[in-house]
K.L.:
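This is the structure I want to talk about, given as C-alpha cells.
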Amino acid sequence: MTLLSRALGMLFYLLQAVSGESGYAENGDFDDTELDDYSFSCYSQLEVDGLQHLLTCTFDDSDINSTNLELEICGALLDVYCLNFNKLQERYFLKTKKFLLIGDSKICVKLEKKNMTCRKVNIVKIVKPEAPFDVRVIYREGANDFVVTFNTSHLQKKYVKVLIHEVAYRQEKNENNWMRVNLTSTKLTLLQRKLQPNAMYEIKVRSIPYANYFEGFWSEWSPSFHFRTPETNGTELSLSYGPVSLIIRRLWNNCARNQKK
C-alpha cells in the first residue's frame, strides 16, 4: 500500500505540472500572463465642467475586443475607495469631483470582476490641457509686423494655469516646413520682413503643462487660422531708404568740403 500511495502521489504531481505548463495556471500567475494583452494609456483634464475632472483611458491595441472589459480606479479618491469608468465606444472615461489630486491611484482592467492587469497613475502627472482657441492674426502696417493672439480656457482655472504654448506657422505651399515658437503668454509678434510677401500662411497653437506639480502631454491643436501677407514694391523701398541715402550723401559732401578747406 505504501508503494502504491507513493506512485499515485507522484502521478498526481506530474499531472499538476503538465497542467500548469499547458496554460492552466493558478490565479496568481494568470495576471502576469495577461499583462501585455490589456495595456492601456490614460490622460486627465482638470476642471472641465465646473469642479469636475475628466479621466480618459484607451487600450493601446485598437484591435482588442473590449466588449466585456471594465476599468476601475482605486485610491487617492474622496469619500470612496474605488470608482468604475463609463464606456463610450472604445474609450473609457470618468468625470467626477472625487479625485484627491494628491498621491497615486491604481487603474485595473477587469473581466468578470477579475483583475486582468493594473497600473499605477498619478492624476496630476498625466494632464492633457484643453486645446487653445480663437486664434487671430492682425497686421500692423505702421510697425510692419503681425500680432498673433489666441485664447485658452486655462486662464480661468484654479489648477493647471501655467502652460507652455507652441505656435506653429507655415506658408501654405510648403506643407511640411513649419516654423515653431514656444511662449508662456497668449500673444506673439511676427516681423513682416521674416515672412514672404503676398503669401498665404497657416497658423495654429497647442499647449502643455508648465509647472513643477502638474505634468502631462500636449493638447490637441487649435483650429488653424489663415492670413495673407501684403505685397511689397519699389515705391515702399524708396520711401524707406531714400531719406537715409540723402542724409549720407549730405554728410559725405560736408566732409569733402571740410577737407578742401
Side-chain angles (χ1 to χ4, degrees), residues 39-49 53-60 62 90-91 93 101 121-233 236-237 240:
S39 60
F40 59 93
S41 302
C42 303
Y43 65 86
S44 62
Q45 293 180 310
L46 307 185
E47 299 175 282
V48 294
D49 186 6
H53 312 305
L54 178 64
L55 180 61
T56 303
C57 299
T58 55
F59 288 106
D60 296 336
S62 59
E90 303 304 319
R91 292 181 177 271
F93 67 94
L101 304 184
V121 298
N122 190 325
I123 301 301
V124 301
K125 303 300 182 183
I126 55 171
V127 177
K128 181 179 180 180
E130 297 172 65
F133 59 95
D134 197 23
V135 180
R136 293 287 183 270
V137 179
I138 298 176
Y139 174 58
R140 298 192 300 184
E141 185 174 0
N144 293 323
D145 61 19
F146 297 85
V147 178
V148 181
T149 59
F150 56 92
N151 207 340
T152 170
S153 60
H154 289 262
L155 293 175
Q156 312 300 326
K157 294 188 176 185
K158 179 180 178 181
Y159 306 111
V160 199
K161 293 176 65 69
V162 183
L163 302 170
I164 285 287
H165 307 291
E166 181 181 63
V167 180
Y169 62 96
R170 66 175 175 90
Q171 194 175 345
E172 283 194 343
K173 68 177 184 179
N174 299 327
E175 293 186 1
N176 298 318
N177 190 21
W178 288 95
M179 302 295 292
R180 301 174 186 272
V181 180
N182 288 345
L183 65 160
T184 55
S185 67
T186 57
K187 183 178 179 180
L188 172 68
T189 300
L190 299 176
L191 299 179
Q192 181 179 352
R193 60 183 173 82
K194 292 189 175 183
L195 303 177
Q196 293 297 317
N198 193 27
M200 183 64 74
Y201 278 82
E202 176 187 1
I203 190 167
K204 58 185 180 180
V205 189
R206 64 177 180 173
S207 306
I208 195 171
Y210 180 61
N212 293 329
Y213 190 70
F214 297 103
E215 301 174 10
F217 316 106
W218 284 107
S219 71
E220 300 296 330
W221 286 103
S222 69
S224 292
F225 185 86
H226 302 264
F227 66 99
R228 180 176 290 278
T229 58
E231 296 183 4
T232 57
N233 51 52
E236 292 177 350
L237 293 175
S240 299

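Any value given below was found using the heavy atoms of this structure, including those in side chains, with hydrogens, waters and symmetry copies removed.
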K.L.:
Does a side-chain heavy-atom distance below 4.5 Å link Leu188 with Leu183?
P.N.:
yes
K.L.:
For atom CG of Asn212, is the number of surrounding heavy atoms from other residues, nucleotides or ligands below 6.0 Å larger than 12?
P.N.:
no
K.L.:
Might you point out which heavy atoms bring Asn151 and Leu155 nearest each other, and give the distance in Å?
P.N.:
OD1-CD1, 3.8 Å
K.L.:
Are Phe227 and Tyr201, when compared by the centres of their aromatic rings, separated by less than 6.0 Å?
P.N.:
yes
K.L.:
What verdict does the side-chain contact (heavy atoms from CB on, under 4.5 Å) test give for Thr152 and Thr186, after you've listed the backbone C-alpha separation in whole Å, the side-chain angles of each residue and the deciding distance to 0.1 Å?
P.N.:
CA-CA 8 Å; Thr152 170; Thr186 57; 4.2 Å; yes
K.L.:
Might you confirm whether atom OH of Tyr43 has over 12 heavy atoms from other residues, nucleotides or ligands at distances under 6.0 Å?
P.N.:
yes
K.L.:
At their closest point, which heavy atom of Thr58 faces which heavy atom of Arg91, and how far apart are they?
P.N.:
CG2-CG, 3.6 Å
K.L.:
Return yes when atom CZ of Arg228 has more than 12 non-hydrogen atoms of other residues, nucleotides or ligands closer than 6.0 Å, and no otherwise.
P.N.:
yes
K.L.:
Against the six-membered ring of Tyr213, is Lys125 placed for a cation-pi contact (under 6.0 Å from the centre, within 45° of the normal)?
P.N.:
yes
K.L.:
One pair to check against side-chain contact (heavy atoms from CB on, under 4.5 Å): Val137 and Tyr169. What are the steps and the verdict?
P.N.:
CA-CA 11 Å; Val137 179; Tyr169 62 96; over 6 Å; no
K.L.:
Looking at OG1 of Thr229 and CZ of Arg193, how far apart are the two atoms once the value is rounded to the nearest 0.5 Å?
P.N.:
15.0 Å
K.L.:
Between Lys187 and Val147, is there a side-chain heavy-atom distance shorter than 4.5 Å?
P.N.:
yes
K.L.:
Nearest 0.5 angstrom please: Phe217 CZ to Ser207 OG, how far?
P.N.:
15.5 Å
K.L.:
Between CG of Leu46 and CG of Leu54, what distance do you get to the nearest 0.5 Å?
P.N.:
9.5 Å
K.L.:
Would you please test Leu191 and Lys194 for side-chain contact (heavy atoms from CB on, under 4.5 Å) and show each step?
P.N.:
CA-CA 6 Å; Leu191 299 179; Lys194 292 189 175 183; 4.3 Å; yes
K.L.:
For a side-chain contact (heavy atoms from CB on, under 4.5 Å) with Cys42, tell me which candidate from Ile126, Ile123, Thr56 qualifies.
P.N.:
Ile126
K.L.:
Less than 4.5 Å apart, side chain to side chain, heavy atoms only: is that true for Leu163 and Thr184?
P.N.:
no
K.L.:
Taking side chain as C-beta onward, heavy atoms only, is His165 less than 4.5 Å from Asn182?
P.N.:
no
K.L.:
Taking Glu47 first and then Lys157, would you say they form a salt bridge - that is, a charged N and a carboxylate O separated by under 4.0 Å?
P.N.:
no
K.L.:
Centres of the Phe133 and Phe150 rings: under 6.0 Å?
P.N.:
no
K.L.:
Using a 4.5 Å cut-off on heavy atoms from C-beta on, say whether the side chain of Pro230 contacts that of Gln192.
P.N.:
yes
K.L.:
Indicate yes or no: at least one non-hydrogen side-chain atom of Gln171 is less than 4.5 angstrom from one of Met200.
P.N.:
no
K.L.:
Please name the pair of heavy atoms, one in Ala168 and one in Arg180, separated by the smallest distance, quoted to 0.1 Å.
P.N.:
CB-NH1, 4.0 Å
K.L.:
Do Ser153 and Glu130 have side-chain heavy atoms sitting under 4.5 Å apart?
P.N.:
yes
K.L.:
Assess the residue pair Trp218 and Glu166 against the criterion (side-chain contact (heavy atoms from CB on, under 4.5 Å)); give the C-alpha distance rounded to whole Å, side-chain angles, the decisive distance to 0.1 Å, and a yes or no.
P.N.:
CA-CA 9 Å; Trp218 284 107; Glu166 181 181 63; 3.7 Å; yes
K.L.:
Distance check, rounded to the nearest 0.5 Å: Ser44 atom OG versus Leu55 atom CG?
P.N.:
6.5 Å
K.L.:
For the residue pair Ile208 and Gly216, what are the closest heavy atoms and their distance?
P.N.:
CD1-O, 4.0 Å
K.L.:
Can you tell me if Glu220 has over 12 outside heavy atoms packed within less than 6.0 Å of its CD?
P.N.:
no
K.L.:
Could you check whether Asp145 and Thr189, counting side-chain N and O atoms only, form a donor-acceptor pair closer than 3.5 Å?
P.N.:
no
K.L.:
What residue among Glu172, Glu202, Lys204 forms side-chain hydrogen bond (donor to acceptor under 3.5 Å, both in side chains) with Ser224?
P.N.:
Glu202
K.L.:
Looking only at heavy atoms, which two atoms of Ser222 and Pro132 are closest? And how far apart?
P.N.:
CB-O, 3.1 Å
K.L.:
Are His53 and Gln45 close enough, and set up right, to give a side-chain hydrogen bond (donor to acceptor under 3.5 Å, both in side chains), and what steps lead you there?
P.N.:
CA-CA 6 Å; His53 312 305; Gln45 293 180 310; over 6 Å; no
K.L.:
Can you measure from SG (Cys57) to CZ (Phe93) and round to the nearest 0.5 angstrom?
P.N.:
12.0 Å
K.L.:
So, for Val124 and Leu101, which heavy atoms are closest and what is the spacing to 0.1 Å?
P.N.:
CG1-O, 3.7 Å
K.L.:
Could you check whether any side-chain N or O of Ser219 sits under 3.5 Å from a backbone N or O of Arg206, counting only pairs where one atom can act as donor and the other as acceptor?
P.N.:
no
